[in-house]
Structures are given as C-alpha cells and as structure tokens.
Amino acid sequence: DTGVSQDPRHKITKRGQNVTFRCDPISEHNRLYWYRQTLGQGPEFLTYFQNEAQLEKSRLLSDRFSAERPKGSFSTLEIQRTEQGDSAMYLCASSAQGAPLHFGNGTRLTVT
Amino acid sequence: QKEVEQDPGPLSVPEGAIVSLNCTYSNSAFQYFMWYRQYSRKGPELLMYTYSSGNKEDGRFTAQVDKSSKYISLFIRDSQPSDSATYLCAMSEGGGSNYKLTFGKGTLLTVNP
C-alpha cells in the first residue's frame, strides 16, 4: 500500500494559464475525492467519484474546474484560465465504501 | 456561525504533557467524527474515526464525542515532539454523504523537548 499519490507536488503558473493535476488512489479504493485547502483553513470538499462516475460537485467548483476519472482508477483535476484566488493546496483522497478517507500529500498551486 | 468551530491555537506544551484538543459543531446531523494530523506541507493523516457518541482509545490517543453538547475532543497522553503538527477535526452526516467531510480550521500544536 503506497497510499494516495499526487503529482506534481508544487505547480507555479501565471494567471490565465491552464493547469492539470493527477491523483492515483489506493488501488483497492473505488471512491475518490478532491478537496481544496487554503492557508489557515481546513480542507473543503470539491467533488467525488465512485468508480468512473462523478456523483457530486461542490458549488466551489466553478465552470473553470473539471475533474475526470476515465477508467475508475486515477483522476485528473484541470483548472482553466487560472486566477490568483485559485492558489491553494489541492488534496486528493480515496476510500472504500463506508470507510474513512485517506488523503494524499496534495498539489500546492501558486498562481502569479 | 461556521458549522465546525476549532480554536486555531497555537498551543505549546512541554514533552510528556497531556494535550486536549476540541471542536464544537452546530449540525446535529453529523454522525461520523474524525481527527486528522497534518504536518507542514503534507496531507492530512487519519488518526481517529468514531461513530456517534462515546470514547475511543488508540495508544496515546483518546477521542471523545458528546453529541448532546455537539462537542468532540482529542486527548494526547505523554506528548512527544513528533506530535508537533496541526490537528484537524472533521465530521460528516453519514449515510450517502459520509464522504463529504466538514473540517475545522485546525489547531497548531508544538511539543517542546
């Protein structure tokens, strides 16, 4: 069990650019989640997949954000036309059904 | 009023002290309660996971849930410098929404050798 893996660990981008993050969940987990954490705050829920189906999206996830989990394994989170307010830690988590969430170490996004 | 309130600290204690961390909440539908530990520039690591009211012990850690008071606690006995981290409480409504965690802001703990 290598845990939840996220790539890259840190991304610096200029305002207006598109960025994509990848998450590899724990292999036996069919549920995958994205959360966002800003400085001094707890993580906030963004979206949730069960296998390849995206079952819920938070109102925090604007039209510039899109997440996919094409084969029910890894997931990607894309942010288009980044804004400075998008600067945050983007956390991926996975779980088995009914079990607690296990988080990765996140991708820290800095928008300049 | 936020759904989950947690004193951000910082909290500084000497090695060996008993640490008490707390959260209050307003949503009576919360049924699952968790404590996560987060080291600097790392993701949250699950420490304790409890359902409904009661106590749960795991080594030096004890989690308490009092649903009647909407209050949860984490106690750390014989604290060590390696316990220095931010501690996040989290909770969910359970059922079909048990994945949607609501977190407190986190309490920054420093254990001094």
Side-chain angles (χ1 to χ4, degrees), chain A residues 1-10 21 23-26 29-51 53-61 88-110, chain B residues 2-10 21-25 27 30-52 56 58 61 63 65 72 74 85-109:
Chain A
D1 177 8
T2 57
V4 177
S5 177
Q6 293 189 244
D7 183 70
R9 289 297 315 278
H10 192 188
F21 311 140
C23 171
D24 287 90
I26 294 170
H29 288 176
N30 65 336
R31 295 184 168 193
L32 185 147
Y33 318 84
W34 287 96
Y35 279 72
R36 181 172 67 187
Q37 185 177 24
T38 54
L39 199 62
Q41 303 295 319
E44 294 178 294
F45 170 77
L46 291 179
T47 190
Y48 152 58
F49 290 85
Q50 182 163 312
N51 300 311
Q54 188 174 18
L55 297 186
E56 186 167 349
K57 293 168 59 173
S58 162
R59 59 179 172 77
L60 294 176
L61 216 62
M89 173 86 90
Y90 290 85
L91 292 162
C92 178
S94 70
S95 76
Q97 186 163 347
L101 276 61
H102 294 267
F103 285 86
N105 282 324
T107 293
R108 182 177 300 276
L109 173 66
T110 302
Chain B
K2 294 201 69 167
E3 275 194 300
V4 178
E5 298 281 357
Q6 184 176 9
D7 186 341
L21 304 167
N22 311 293
C23 289
T24 59
Y25 62 95
N27 184 352
F30 286 144
Q31 296 186 56
Y32 293 87
F33 303 91
M34 289 135 276
W35 286 94
Y36 284 85
R37 178 174 63 194
Q38 187 172 28
Y39 292 113
S40 181
R41 299 189 179 276
K42 298 287 189 180
E45 171 194 9
L46 181 67
L47 282 178
M48 301 291 281
Y49 178 68
T50 55
Y51 171 72
S52 196
K56 183 175 182 179
D58 184 1
F61 299 91
V65 175
I72 70 170
L74 178 71
T86 296
Y87 289 80
L88 295 155
C89 64
M91 42 202 84
S92 69
E93 293 184 9
S97 299
N98 66 341
Y99 56 86
K100 195 184 299 183
L101 304 184
T102 300
F103 282 86
K105 287 187 174 184
T107 299
L108 178 61
L109 171 67

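Keep in mind that what you see is a predicted model, and the values were worked out from it rather than measured. Convention: sequence-line order gives letters A, B, ...; per-chain numbering from 1.
With sequence neighbours excluded, no residue forms a side-chain hydrogen bond (donor to acceptor under 3.5 Å, both in side chains) with W35(B). Take N105(A) and apply the side-chain hydrogen bond (donor to acceptor under 3.5 Å, both in side chains) test, not counting sequence neighbours, and it matches no residue.
Nearest heavy-atom pair across R41(B) and R9(A) is O-NH2, 3.0 Å. The heavy-atom pair separating G43(B) from L91(A) by the smallest distance is CA-CD2, 4.0 Å. Nearest heavy atom pair, residue G42(A) against residue L88(B), reads CA-CD2, 4.0 Å. When every heavy atom of G98(A) is checked against every heavy atom of Y49(B), the shortest pair comes out as O-OH, 3.8 Å.
Interface check for chain B: of the options P43(A), S95(A), A93(A), the most heavy-atom pairs under 4.5 Å are formed by P43(A).
Using a 4.5 Å cut-off between heavy atoms, P8(B) makes no contact with chain A at all. Q6(B) does not touch chain A: none of its heavy atoms, backbone or side chain, sits under 4.5 Å away. Residue contact with chain A, scored on non-hydrogen atoms closer than 4.5 Å, involves the side chain of Y36(B) exclusively.
Remark: Y33(A) OH to L101(B) CG distance equals 8.0 Å, nearest 0.5 Å. Here L46(A) contributes atom CG and K100(B) contributes atom NZ; the two are 11.5 Å apart, rounded to the nearest 0.5 Å. Note that CD of Q37(A) and NZ of K105(B) are 12.5 Å apart. Values are rounded to the nearest 0.5 Å.
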